[in-house]
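So you know, we letter chains A, B, ... as the sequences are listed, proteins then strands, and number each from 1.
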Number of protein chains: 2
Amino acid sequence: MARTTTIRKRDAAATRAAILAAARERFLRESYDSVGLRDIAGGAGVDVALVGRYFGGKEGLFREVVMDDKRPNLFREPVDAADLPAFLAQLVIEDEADDREHRMESFVIMLRSASSPKAGEIIRDLVHQDVLGPLSELIGSDDADLRANMLLAILMGSGVLRTIMKVDAFDGSEAQRIVCGERFRCLFEAALSC
Amino acid sequence: MARTTTIRKRDAAATRAAILAAARERFLRESYDSVGLRDIAGGAGVDVALVGRYFGGKEGLFREVVMDDKRPNLFREPVDAADLPAFLAQLVIEDEADDREHRMESFVIMLRSASSPKAGEIIRDLVHQDVLGPLSELIGSDDADLRANMLLAILMGSGVLRTIMKVDAFDGSEAQRIVCGERFRCLFEAALSC
DNA sequence: GAAATAAATCAACAACTGTTGACTTGATGG
DNA sequence: CCATCAAGTCAACAGTTGTTGATTTATTTC
C-alpha cells in the first residue's frame with residue numbers, strides 16, 4: 001500500500017534508497033519516537049535488519065533522511081535579499097498536494113521530531129548551520145541574526161499551524177491563497193524593516 | 001531529585017496533584033512518546049499503577065495536564081484588542097528562568113507533543129477552541145481568522161525557536177531583550193494591519 | 001479496638017522497541 | 001559449473017512500554 005512492490009533485483013543502492021524514501025514518508029507524518037523501524041522496513045518491502053545494515057541504526061537513518069540534500073531544500077536555489085519576503089511567502093502558501101516540489105518537507109520533518117531527545121540534537125545543529133546561518137548571511141545587516149530569527153519564526157510557525165495543527169485558514173479557495181500570500185509577504189517585509 | 005520527597009500522608013488529592021505536576025514537568029521538556037509513565041510516577045514518588053488509577057491511562061493524564069486551567073494560561077487575564085501586540089511581544093521575550101509566571105508553558109507542551117498520533121488530536125482541538133477561537137474573536141475584523149493565524153504563527157514560531165530549537169538570539173543582555181520585544185511588538189502590529 | 005474502606009504497592013502481563021548474529025538466497029566471475 | 005561474496009531473511013535477544021488484577025498498608029468509622 002505504501003510502496004509499489006516492484007520486484008527489486010538485488011540492488012543495494014536501490015533498497016537503500018527505498019528504505020530512505022519510506023523513512024522520509026513516515027517521519028513526515030509522525031515524530032521520531034512514534035515511528036517504528038519495522039513500519040519503515042515494511043514500507044520499503046524489506047526486512048528490519050537491513051536498516052541496521054545500511055544505516056547503522058535508527059538514529060543514523062534519521063540523520064540521513066534529514067540531511068539528504070538531493071531532496072528539495074529550502075535554499076537550494078540562491079535567492080537575493082530583495083526577493084526574500086516574496087520567496088518566503090511563496091513557501092508559506094505552497095500547496096501541499098502539489099507534488100512537484102515540497103520545499104517545506106525537510107522543515108516539517110524537523111518540526112515533527114524536534115522534541116525527541118535523540119533526534120533533537122541532530123535537528124538543532126542543522127537549523128543553526130543550514131538554515132539560520134545562510135539566512136542571516138543573506139540579510140547582511142548588523143542585526144541580521146535577530147532578523148533571521150524573526151523570519152524563521154514566522155516560517156516555522158505557519159508550518160506548524162498548517163501541517164501539524166491542521167489549521168485550514170491557509171488553504172481555502174485560490175483567491176484566499178493569493179490574499180494570504182500577499183499578507184505574508186507584507187509580514188516578512190515588516191520583519192526585515194520594522 | 002525531581003520531587004521533594006516530603007512524606008505524603010495518604011491523600012488522594014495530593015498524590016493526584018503530585019503526579020500531574022511531575023507529568024507537566026516531563027511533558028514540558030520531551031514529547032508525549034518519549035516520556036515514560038514510570039519516569040513520571042518516579043518523579044511524583046509513587047508507583048506507576050496509580051497513574052492508571054487516577055487518570056485512566058497515559059492519554060488521560062496528558063489530557064488533564066494540557067487542559068489544566070488552574071495553571072497560568074495564555075489568555076487568563078482578558079486583554080483588549082489595542083494592547084494585543086504589546087501583550088504578545090511580552091510573551092515572546094518572557095524570561096524562561098523567571099518562575100513567577102510561565103504563561104508560555106502550556107504552549108510549549110502543545111508544541112512538543114503535537115506530532116504524536118495520540119496527543120496530536122487532543123492538542124489540535126485545544127488550539128482551535130481555546131486559542132485560535134478567542135484570538136479571532138478578540139481581533140473582530142472580517143478577516144479575523146487569517147489575522148489570528150498570523151499572530152499565532154509568529155508566537156508559535158518564536159516559541160519553537162527559543163524553547164525547542166534552543167536559538168539564543170532572544171535572550172542575550174537585558175538591552176537586547178528590550179530591542180527584541182520592541183521588534184516583535186512591531187511585527188505583531190504589522191500582522192494586524194498590513 | 002475491630003471492621004470497613006480507601007490508598008498505595010507489587011507483580012506480572014502482552015506487546016512492542018531497536019539491535020545483532022547466524023543463516024539462506026541470489027548473482028557474479030573464474 | 002562451481003566457488004565466492006554480497007544481499008537479504010530469520011529468529012531471537014534484552015529492554016521497555018502501558019496496563020491490570022491481586023495484595024498489602026494505612027486511615028477512618030462504628
Side-chain angles (χ1 to χ4, degrees), chain A residues 3 5-23 26-27 30-66 112-113 115-122, chain B residues 3-23 26-27 29-66 112-113 115-122:
Chain A
R3 182 121 275 278
T5 53
T6 49
I7 318 108
R8 248 192 321 279
K9 298 184 66 178
R10 289 200 167 197
D11 184 345
T15 55
R16 225 189 100 99
I19 294 173
L20 215 50
R26 305 299 189 281
F27 288 135
E30 284 181 31
S31 73
Y32 179 84
D33 296 297
S34 64
V35 171
L37 245 41
R38 280 170 179 81
D39 181 27
I40 293 175
V46 297
D47 192 89
V48 208
L50 281 191
V51 177
R53 280 245 181 292
Y54 286 128
F55 303 94
K58 189 180 188 179
E59 213 169 325
L61 173 60
F62 182 79
R63 179 175 277 110
E64 201 137 332
V65 165
V66 86
R112 285 226 123 101
S113 296
S115 288
S116 297
K118 290 177 186 173
E121 284 185 53
I122 301 171
Chain B
R3 183 119 278 277
T4 55
T5 52
T6 49
I7 319 107
R8 245 193 321 280
K9 300 184 65 178
R10 290 200 167 197
D11 185 344
T15 56
R16 226 190 99 99
I19 294 173
L20 216 49
R26 305 301 189 280
F27 287 134
R29 283 169 178 74
E30 285 181 29
S31 73
Y32 178 84
D33 295 298
S34 64
V35 171
L37 246 40
R38 280 170 179 79
D39 180 27
I40 294 174
V46 297
D47 192 89
V48 208
L50 282 190
V51 176
R53 279 246 179 291
Y54 285 128
F55 301 95
K58 190 181 188 179
E59 214 170 324
L61 173 60
F62 182 79
R63 180 174 277 109
E64 200 138 332
V65 165
V66 86
R112 285 224 124 103
S113 297
S115 288
S116 298
K118 289 178 186 172
E121 284 186 53
I122 300 170

Asker: Counting only side-chain heavy atoms from C-beta out, which of D:dG8, C:dT19, C:dA8 sits nearest to B:T15?
Answerer: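 That would be C:dA8.
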
Asker: Counting the atoms with a prime plus P, OP1 and OP2 as sugar-phosphate, which does B:G52 contact under 4.0 Å by heavy atoms, base, sugar-phosphate, or nothing?
Answerer: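 Contact class for B:G52: none.
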
Asker: Report the distance from atom CD1 of A:I19 to atom P of D:dA7, rounded to the nearest whole Å.
Answerer: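 To the nearest whole Å, that distance equals 12 Å.
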
Asker: For the side chain of A:K58, starting at C-beta, report the closest nucleotide among C:dG18, C:dT9, C:dA22.
Answerer: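 So the side chain of A:K58 is nearest to C:dG18.
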
Asker: Specify the separation, in whole Å, of atom CG of A:D33 and atom P of C:dT17.
Answerer: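 Between P of C:dT17 and CG of A:D33: 12 Å.
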
Asker: How long is the straight-line distance from CD1 of B:I122 back to OG of B:S113, given to the nearest 0.5 Å?
Answerer: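 B:S113 atom OG to B:I122 atom CD1 measures 9.5 Å (nearest 0.5 Å).
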
Asker: What is the distance, rounded to the nearest whole Å, between atom CZ of A:R38 and atom C1' of C:dA15?
Answerer: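 Rounded to whole Å, this separation is 11 Å.
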
Asker: Remember a base hit wins even if backbone is also touched, and classify B:A49 as base, sugar-phosphate or nothing at under 4.0 Å, heavy atoms.
Answerer: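 Touches a base.
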
Asker: For B:G36, answer base if it contacts any base atom (sugar-phosphate contacts may also be present), sugar-phosphate if it contacts only those atoms, and nothing otherwise; contact means non-hydrogen atoms under 4.0 Å.
Answerer: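 It contacts sugar-phosphate atoms only.
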
Asker: May I ask you to say what B:V51 touches in the nucleic acid, namely base, sugar-phosphate or nothing, with a heavy-atom cut-off under 4.0 Å?
Answerer: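 It contacts nothing in the nucleic acid.
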
Asker: Is it the case that over 12 heavy atoms from other parts of the model lie below 6.0 angstrom from the CD atom of A:E121?
Answerer: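 Open: at most 12 neighbouring heavy atoms sit under 6.0 Å from CD of A:E121.
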
Asker: Measure the distance from CG on A:D39 to C1' on C:dC16 and round it to the nearest whole Å.
Answerer: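 It works out to 13 Å between those atoms.
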
Asker: What is the separation between atom CG on B:D47 and atom C1' on D:dT24, rounded to the nearest whole Å?
Answerer: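 Result: 12 Å.
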
Asker: Of the candidate nucleotides C:dA8, D:dT19, D:dA7, which contains the atom at the shortest distance from the side chain of A:A12?
Answerer: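 Between C:dA8, D:dT19, D:dA7, the one nearest the side chain of A:A12 would be D:dA7.
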
Asker: Under 4.0 Å between any heavy atoms, over every strand shown, what does A:F55 touch: base, sugar-phosphate, or nothing? Just pick one.
Answerer: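 No contact.
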
Asker: Heavy-atom nearest nucleotide on DNA chain D for B:S34 versus B:R10: which residue maps closer to 5'?
Answerer: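 Its nearest nucleotide being more 5', the pick is B:S34.
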
Asker: Measure from NZ on A:K118 to P on C:dT17 and round the result to the nearest Å.
Answerer: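 The answer, rounded to whole Å, is 14 Å.
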
Asker: A:Y32 OH to C:dT17 C1': how many Å, rounded?
Answerer: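 So the two atoms are 11 Å apart, to the nearest Å.
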
Asker: In the structure I gave you, are the side-chain heavy atoms of A:D33 and A:S115 within less than 4.5 Å of one another anywhere?
Answerer: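 Result no, sub-4.5 Å side-chain heavy-atom pair not found.
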
Asker: Would you please classify the geometry between the A:F62 ring and the A:F27 ring as parallel, tilted or perpendicular, with 30° and 60° separating the classes?
Answerer: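 Perpendicular.
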
Asker: Compare all side-chain heavy atoms of B:E59 with those of B:Y32 and state whether any distance is below 4.5 angstrom.
Answerer: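 The answer is yes; the side chains approach within 4.5 Å.
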
Asker: Using atom CG of A:L50 as one end and atom C1' of C:dT25 as the other, report the distance to the nearest whole Å.
Answerer: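 Nearest whole value for this atom pair: 13 Å.
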
Asker: Using a cut-off of less than 4.0 Å, is there contact between a side-chain N or O of A:Y54 and OP1 or OP2 of D:dG8?
Answerer: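 Answer yes for this pair, as a side-chain N or O of A:Y54 is under 4.0 Å from OP1 or OP2.
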
